[in-house]
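One structure is given below, encoded as structure tokens.
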Amino acid sequence: MSAFRTFNGLEPYPIFEGVGLQAVGGDQVFLGRVRYEPGTTVKRHSHEHTEQIVLVLEGSLRMTIGDETRDMRAGDVCVVNRGVEHELVSDEGVTFIEALAPVPLDH
């Protein structure tokens with residue numbers, strides 16, 4: 001497989017209702033472009049073995065990590081350490097890039 005990849009022309013894979021994912025994975029890092037339809041919520045969950053970083057590209061997202069909640073817009077970044085519960089809510093829709101390491105088994 002080539003070291004070069006693209007999200008262009010790659011159909012999003014529906015991982016949850018209202019959530020589409022385009023993904024590329026290496027040996028140690030997973031990179032995804034995620035789109036939430038307006039009104040989408042992904043309930044509290046955690047990734048036992050994986051750290052996650054989220055960079056919002058467009059739209060908005062309310063992110064709760066542990067007991068802290070923030071409204072995020074384009075350019076905002078958050079870090080979710082492994083095992084920490086988090087929840088994502090997007091009233092207007094959002095597109096973000098997420099990096100997870102090591103590559104998660106649940107994606």
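We're numbering straight along the sequence, starting at 1. Computed from heavy atoms alone, side chains included, the values below leave out hydrogens, waters and symmetry copies. If you're wondering where the values come from, they're calculated on a predicted model, not measured in any experiment.
To the nearest 0.5 Å, atoms CE (Met72) and CG (Leu55) are separated by 8.0 Å. Taking CE from Met63 and OG1 from Thr69, the interatomic distance works out to 10.0 Å, rounded to the nearest 0.5 Å. Rounded to the nearest 0.5 Å, atoms CD1 (Ile97) and CZ (Phe7) are 5.5 Å apart.
Among pairs with a residue in residues 59-89, those fulfilling ring-ring contact (aromatic ring centres under 6.0 Å, His included) read His45-His86, His47-His86, at least two apart in sequence or across chains.
The hydrophobic clustering, which links ILVMFWY residues whose side-chain heavy atoms are closer than 4.5 Å, places Val19 and Val89 apart. Note on Ile65: it clusters hydrophobically with Phe96, by side-chain heavy-atom contacts below 4.5 Å among ILVMFWY residues. When hydrophobic clusters are built by joining Ile, Leu, Val, Met, Phe, Trp and Tyr residues whose side-chain heavy atoms come closer than 4.5 Å, directly or via intermediates, Val24 is not grouped with Ile15. Under the 4.5 Å side-chain heavy-atom criterion for ILVMFWY residues, a single connected hydrophobic cluster contains both Val103 and Leu100. The hydrophobic clustering, which links ILVMFWY residues whose side-chain heavy atoms are closer than 4.5 Å, places Leu88 and Tyr13 together.
Shown here for Lys43 and Glu87, the closest heavy-atom pair between the two residues is CA-OE2, 3.7 Å. Shortest non-hydrogen contact noted between Ser90 and Ser60 is OG-O, 2.7 Å.
By the side-chain hydrogen bond (donor to acceptor under 3.5 Å, both in side chains) test, Thr41 pairs with no residue at all, sequence neighbours left out. Residues meeting the side-chain hydrogen bond (donor to acceptor under 3.5 Å, both in side chains) test with Thr95, sequence neighbours left out: none. With sequence neighbours left out, the side-chain hydrogen bond (donor to acceptor under 3.5 Å, both in side chains) criterion links Glu68 to Arg70.
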Enumerate donor-acceptor pairs with a distance under 3.5 Å from any side-chain N or O in residues 76-84 to protein atoms, sequence neighbours excluded.
{"unit_1": "Asp76", "atom_1": "OD2", "unit_2": "Arg73", "atom_2": "N", "d": "2.8"}

Side chains of residues 27-38: which donor-acceptor pairs under 3.5 Å do they make with residues two or more places apart or in other chains?
{"unit_1": "Arg33", "atom_1": "NE", "unit_2": "Gln22", "atom_2": "OE1", "d": "2.8"}
{"unit_1": "Arg33", "atom_1": "NH2", "unit_2": "Gln22", "atom_2": "OE1", "d": "3.1"}

